[in-house]
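Heavy atoms only: backbone and side chains are in, while hydrogens, waters and symmetry mates are out.
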Amino acid sequence: MATTIFQSIKASLVGLFKGLYPDFDVFCEEISKTQNDDPEPDLENYVFLDIIPTGNTTVGLWHVDRRVLVDAALHTMGETNSQYLTMAQEVDDALRPVFRFTDGGEARAITVPEITFKVVDRVLHCTFTLTFRDSKEQLEQLPVLEELETTVKTNERA
């Protein structure tokens with residue numbers, strides 16, 4: 001279970017890409033099949049998600065504006081531009097205009113205004129920024145103290 005909003009976003013993106021490309025391996029922190037001395041030969045079709053929190057801005061006592069940069073690197077065994085053009089359209093259709101995810105059991109939706117696509121070293125990179133306001137639940141406010149009226153009796157025996 002996700003413990004932060006960033007982990008919730010990551011889990012939803014992993015599910016989205018596994019749904020789009022069920023035969024692809026989907027990785028986030030590391031591509032484990034390339035971290036050892038003898039990479040396994042079956043690493044042909046994969047998606048590597050790089051999820052980078054890029055900023056948190058305080059908007060008020062209960063609100064924070066967050067920015068998360070996502071770079072999805074997609075690789076196919078064929079490495080053809082026609083495959084990558086098709087995949088770019090599929091990713092665009094899946095993410096725009098709204099990316100949906102669940103955070104702490106609550107359904108959330110973020111508008112994705114733009115996705116950029118670029119092929120670098122025979123890998124398709126789909127890059128976009130998620131910008132959203134994260135609000136904390138406001139605690140019940142205690143009533144404001146009112147003016148206290150007092151009367152002082154004076155001793156008149158003096």
Residue pair L95, F128: steps toward the side-chain contact (heavy atoms from CB on, under 4.5 Å) verdict
CA-CA 10 Å; L95 288 168; F128 57 97; 3.4 Å; yes
Treating Ile, Leu, Val, Met, Phe, Trp and Tyr as nodes and any side-chain heavy-atom pair under 4.5 angstrom as an edge, say whether L13 and F48 lie in one connected cluster.
no
Quick one: sort the Y46 and H75 rings into parallel, tilted or perpendicular, breaks at 30° and 60°.
parallel
Side chain of T54, backbone of R67: donor and acceptor closer than 3.5 Å?
yes
Before giving the answer on side-chain contact (heavy atoms from CB on, under 4.5 Å), spell out for F99 and V70 the whole-Å C-alpha distance, their side-chain angles and the decisive distance to 0.1 Å.
CA-CA 12 Å; F99 167 65; V70 178; over 6 Å; no
Out of curiosity, K10 NZ to C28 SG, how far, rounded to the nearest 0.5 Å?
5.0 Å
Show the numbers, then the answer: is there a side-chain contact (heavy atoms from CB on, under 4.5 Å) between L16 and F101?
CA-CA 10 Å; L16 182 140; F101 67 103; over 6 Å; no
Does any non-hydrogen side-chain atom of V68 lie less than 4.5 Å from one of F6?
yes
Would you mind telling me which of L124, L20, V47 makes a side chain to side chain contact (heavy atoms under 4.5 Å, CB included) with M87?
L124
Would you mind checking if D134 and R108 are paired as a salt bridge, meaning a charged N to carboxylate O distance below 4.0 Å?
yes
Strictly distance-based, threshold 3.5 Å: is any side-chain N or O of Q89 a donor or acceptor partner for the main-chain N or O of T86?
no
For the residue pair F24 and Y21, does the interplanar ring angle fall in the parallel (under 30°), tilted (30 to 60°) or perpendicular (over 60°) class?
tilted
One should read off an interatomic distance between L85 CG and E90 CD, to the nearest 0.5 angstrom, of 11.0 Å
Quick one: pull up OG1 in T129 and CG in L69 and give me the separation to the nearest 0.5 Å.
5.0 Å
When rounded to the nearest 0.5 Å, the distance separating SG of C126 from CG of L49 is 10.0 Å
Distance only, no hydrogens: is a donor on one side chain within 3.5 Å (strictly under) of an acceptor on the other, for T80 and Q83?
yes
Give a yes or no on whether V123 and V26 share a hydrophobic cluster (residues Ile, Leu, Val, Met, Phe, Trp, Tyr; joining criterion: side-chain heavy atoms under 4.5 Å apart).
no
Can you tell me if T127 and D71 form a side-chain donor-acceptor pair at under 3.5 Å?
yes
Find the distance between CE (M77) and CD (E44) and round it off to the nearest 0.5 Å.
5.0 Å
In Å, rounded to the nearest 0.5 Å, how long is the span from CD1 of I5 to CD of E106?
9.0 Å
Would F27 and I51 show up in the same hydrophobic cluster when neighbours are defined by side-chain heavy atoms closer than 4.5 Å?
no
Would a single hydrophobic cluster contain both V119 and I115, if residues Ile, Leu, Val, Met, Phe, Trp and Tyr are joined by side-chain heavy-atom contacts under 4.5 Å?
yes
Taking all non-hydrogen atoms of both residues into account, name the closest pair between F117 and A88 and its distance.
CZ-O, 3.3 Å
Using the side-chain contact (heavy atoms from CB on, under 4.5 Å) rule, take R133 and V59 through it: C-alpha gap first, then chi angles, then the decisive distance, then the call.
CA-CA 9 Å; R133 181 162 290 170; V59 180; 3.4 Å; yes
CG/D121: more than 12 non-hydrogen atoms of other groups inside 6.0 Å
no
Heavy-atom pair of closest approach, residues Y84 and L74
CE2-O, 3.6 Å
For T102 and S12, the nearest pair of non-hydrogen atoms, with its separation, is N-OG, 3.9 Å
Test of understanding: clusters of I, L, V, M, F, W, Y form through side-chain heavy atoms closer than 4.5 Å, transitively. Do I52 and L130 belong to the same one?
no
Applying side chain to side chain donor-acceptor pair (under 3.5 Å) to S8 and D103, what does each step give before you reach the verdict?
CA-CA 6 Å; S8 297; D103 178 38; 3.1 Å; yes
